[in-house]
J.: 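Here it is: the structure, laid out below.
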Amino acid sequence: MSLFTPADEAELAQEIVAKTLAGALHAHGSQKTLAQRAGITPVFVNNIIKRKRMPSPAMARRIAPLLPLPGTEQAAWLDHVERYWTARRQVAHAACAAVNQDAAAVVRELVACRLATFTSDPLAVRRNWERAIQLVEDIEPHL
């Protein structure tokens with residue numbers, strides 16, 4: 001049994017990938033140089049370091065040889081990329097299962113949002129529609 005949830009596992013893996021890549025910049029001098037050598041954009045490198053994006057496993061295999069790490073540590077870095085994507089899939093499957101299991105509750109909440117719009121308070125109407133939109137956006141990827 002793991003002490004980490006899949007979300008925790010993804011977060012930890014992303015942090016390791018980002019910090020390792022940030023450390024690699026010293027060997028290459030700049031994000032631009034590293035990006036050119038990896039065949040990606042400097043913005044993408046920056047987004048990985050800032051933990052806004054993650055490289056796909058295929059892209060990570062292009063980046064790994066550029067990291068100033070021994071082969072075993074490059075393999076470990078690639079493993080963290082794989083762990084991230086595996087954990088993300090587990091989170092998505094869990095969310096999908098929760099939506100499917102309790103679809104009736106989601107429908108009830110949407111109906112409540114719609115019924116709550118019959119009020120004279122325009123701010124309450126707006127909040128309820130925003131909540132309904134957020135619910136739909138949250139479950140749409142899992143349908």
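As a basis for the values below, the full set of heavy atoms in this structure was taken, side chains included, without hydrogen atoms, waters or symmetry mates.
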J.: Is the shortest side-chain heavy-atom distance between Thr33 and Leu25 below 4.5 Å?
T.: no
J.: If you count the non-hydrogen atoms of other residues, nucleotides and ligands that lie under 6.0 Å from CD in Glu11, is the total more than 12?
T.: no
J.: Can you tell me how far CG of Asn47 sits from CD1 of Ile40, rounded to the nearest 0.5 angstrom?
T.: 10.0 Å
J.: Which value, rounded to the nearest 0.5 Å, describes the distance between Ser30 atom OG and Gln36 atom CD?
T.: 7.5 Å
J.: Are Phe44 and Leu78 connected in a single hydrophobic cluster, I mean Ile/Leu/Val/Met/Phe/Trp/Tyr linked by side-chain heavy atoms less than 4.5 Å apart?
T.: yes
J.: Which residues pass the side chain to side chain donor-acceptor pair (under 3.5 Å) test with Asn46, sequence neighbours left out?
T.: Gln31
J.: Would you give the length of the straight line joining atom CD1 of Ile49 to atom CZ of Arg51, rounded to the nearest 0.5 angstrom?
T.: 12.5 Å
J.: Working to the nearest 0.5 Å, report the span between CD of Glu15 and CG of Leu12.
T.: 6.5 Å
J.: Does one side chain, of Thr86 or Arg83, offer a donor that lies under 3.5 Å from an acceptor on the other?
T.: no
J.: For Val43, which fellow cluster members are found when Ile, Leu, Val, Met, Phe, Trp and Tyr are connected by side-chain heavy-atom distances below 4.5 angstrom, either directly or through intermediates?
T.: none
J.: Looking only at non-hydrogen atoms, find the nearest pair between Val81 and Met54 and report the distance.
T.: CA-CE, 4.1 Å
J.: Membership question, hydrophobic clusters at under 4.5 Å side-chain separation (ILVMFWY): are Ile48 and Trp85 in the same one?
T.: yes
J.: Would you give the length of the straight line joining atom NE2 of His80 to atom CD of Glu9, rounded to the nearest 0.5 angstrom?
T.: 8.5 Å
J.: For residues 59-70, which side-chain N or O atoms pair as donor and acceptor with protein atoms under 3.5 Å away, sequence neighbours left out?
T.:
from: Arg61; atom 1: NH1; to: Pro57; atom 2: O; distance (Å): 3.4
from: Arg62; atom 1: NE; to: Ala38; atom 2: O; distance (Å): 3.1
from: Arg62; atom 1: NH2; to: Gly39; atom 2: O; distance (Å): 3.4

